Amino acid sequence: MDVDLLKECGKTVSFSRGQSICREGETGHSMFILLTGSVEIMINSFSDNPNSLGFMEEGSFFGEMSLLESKPRSATIVAASDNVVVLEVSETDFAMLLLNATSITYRLLLSLNNRLNQMLDRIEVSDKRFVYQYKRNPIYQTVQKMDVRSFDVIAKKDPDYVWTLLKYLSSSLEKLNHEYISQLQK
């Protein structure tokens, strides 16, 4: 990872256990890279019945979906350990980071893809047909086959397509979160 570029694009912020780093429904103007500690991902955090989607460890990204989609945050992220330190990357630096650091962009793509596949695994338990149809999407299949070399070639030839892939994964993850919530409410 290009640490020097990251340092230019962000600032470090510390949180204590239980503090919210970002809140579901708020407008996002930054993304975060978890440098130390762990965080919990909560949906429906504003209701009497919040749901945990799990935890993220050091090196994970979050908050990027708001920047990719220009939509309110889809989850609340809460510090799950005593000393959580994140690198906060502002909205204005986000595009520069993605264009100038393909290794970081690739890690972001992998992170979104991993979250998407975890959510598909959760949904598949009760709706195999939905997951089967989803996995037939050509963009989904392209991302599943992508490795760092093919990503690098695509990023150099067509940076707009990389942006399209990131937005696709972000949008899909948001839709799957809503599908998962609706299954929980049944």
Side-chain angles (χ1 to χ4, degrees), residues 6 9-81 83-99 101 104-123 134 139-140 143 162-185:
L6 280 174
C9 291
K11 65 178 180 176
T12 58
V13 184
S14 297
F15 296 89
S16 300
R17 182 185 302 267
Q19 279 187 296
S20 293
I21 299 169
C22 58
R23 294 186 183 276
E24 183 176 2
E26 72 183 9
T27 303
H29 297 288
S30 57
M31 68 161 283
F32 305 89
I33 301 170
L34 185 55
L35 300 177
T36 59
S38 64
V39 298
E40 185 173 15
I41 310 152
M42 302 295 295
I43 54 175
N44 279 346
S45 56
F46 48 83
S47 73
D48 293 335
N49 204 13
N51 296 294
S52 175
L53 293 180
F55 295 85
M56 286 191 259
E57 303 299 325
E58 294 175 12
S60 299
F61 298 87
F62 58 91
E64 74 287 337
M65 290 171 62
S66 287
L67 300 181
L68 289 167
E69 294 291 311
S70 299
K71 292 181 179 177
R73 297 211 186 271
S74 62
T76 295
I77 307 296
V78 178
S81 57
N83 185 28
V84 172
V85 179
V86 298
L87 181 72
E88 183 175 7
V89 178
S90 72
E91 188 172 25
T92 54
D93 290 331
F94 182 63
M96 185 197 67
L97 181 67
L98 294 182
L99 289 173
I104 294 169
T105 308
Y106 181 67
R107 287 200 55 206
L108 178 59
L109 183 91
L110 286 180
S111 177
L112 286 169
N113 189 53
N114 288 339
R115 282 189 242 160
L116 185 86
N117 283 322
Q118 288 170 352
M119 189 55 69
L120 285 170
D121 289 345
R122 287 180 179 177
I123 293 171
Y134 182 85
I139 297 176
Y140 174 84
V143 172
V162 170
W163 191 254
T164 299
L165 291 175
L166 290 169
K167 287 181 89 168
Y168 166 78
L169 288 172
S170 175
S171 174
S172 295
L173 191 54
E174 182 182 20
K175 289 174 188 169
L176 291 175
N177 284 342
H178 291 296
E179 176 69 20
Y180 181 66
I181 291 168
S182 71
Q183 285 184 1
L184 289 174
Q185 294 172 343

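This chain uses plain numbering: 1 for the first residue, then up along the sequence. This structure is a prediction, so every number in the text was calculated from the model and none was measured.
The nearest pair of heavy atoms linking Pro72 to Gly25 is CB-O, 3.3 Å. Contact detail for Ser81 and Ser38: the closest heavy-atom pair is OG-N, 3.0 Å. Nearest heavy atom pair, residue Ile43 against residue Ser74, reads CG2-O, 3.7 Å. Residues Leu87 and Gly10 share a closest heavy-atom pair of CD1-C, 3.6 Å. For the residue pair Val39 and Ala79, the shortest heavy atom distance occurs at CG1-CA, 4.3 Å. When all heavy atoms are compared, the tightest approach of Leu34 to Val84 is CD1-CG1, 3.5 Å.
If you take OH on Tyr106 and CG on Leu165, they are separated by 11.5 Å, rounding to the nearest 0.5 Å. Separation of atoms CD (Glu174) and CE (Met65) is listed at 5.5 Å; rounding is to 0.5 Å. Atom CD of Glu64 sits about 11.5 Å away from atom OG1 of Thr105, to the nearest 0.5 Å. The structure places CD1 of Ile123 at 4.5 Å from CG of Leu176, a figure rounded to the nearest 0.5 Å. Rounded to the nearest 0.5 Å, atoms CG (Leu68) and OG1 (Thr164) are 11.0 Å apart. Interatomic distance, Phe15 CZ to Ile77 CD1, rounded to the nearest 0.5 Å: 11.0 Å.
Panel note: side chain Arg122, backbone Leu53; a donor-acceptor pair is recorded below 3.5 Å. Gln118 places no side-chain N or O within 3.5 Å of a backbone atom of Leu116 that could act as its donor or acceptor partner. A donor-acceptor pair is defined here as one N or O able to donate and one able to accept, closer than 3.5 Å; no such pair exists between the side chain of Ser171 and the backbone of Lys167. Judged purely by atom type and a 3.5 angstrom limit, Ser111 has no side-chain atom pairing as donor or acceptor with the backbone of Ser60. In this structure, the side chain of Arg107 engages the main chain of Gly59 through a donor-acceptor pair within 3.5 Å. Without hydrogens or angle criteria, Ser14 side chain to Val85 main chain gives no donor-acceptor distance under 3.5 Å. Side chain of Arg17 to backbone of Ala80: a donor-acceptor contact under 3.5 angstrom is found.
Residues satisfying the salt bridge (charged side-chain N to carboxylate O under 4.0 Å, His left out) criterion with Glu40, sequence neighbours excluded, are absent altogether. Ser16 pairs by the side chain to side chain contact (heavy atoms under 4.5 Å, CB included) definition with Gln19, not counting sequence neighbours. In this structure, the side chain to side chain contact (heavy atoms under 4.5 Å, CB included) partners of Arg73, at least two apart in sequence or on a different chain, are Cys22, Glu26, Ser30, Phe32, Ser66. Partners of Tyr134 according to the ring pair (Phe, Tyr, Trp, His ring centres under 6.0 Å) rule, which considers only residues two or more places apart in sequence or in another chain, are Tyr140. Every residue meeting the side chain to side chain donor-acceptor pair (under 3.5 Å) condition with Glu91, not counting sequence neighbours, appears here in chain and number order: His29. Listed by chain and number, the residues in a side chain to side chain contact (heavy atoms under 4.5 Å, CB included) with Lys11 are Val13, Glu88 (sequence neighbours excluded).
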Would Val78 and Ile21 count as a side chain to side chain contact (heavy atoms under 4.5 Å, CB included) if you check the C-alpha gap in whole Å, the side-chain angles of each, and the deciding distance to 0.1 Å? CA-CA 6 Å; Val78 178; Ile21 299 169; over 6 Å; no
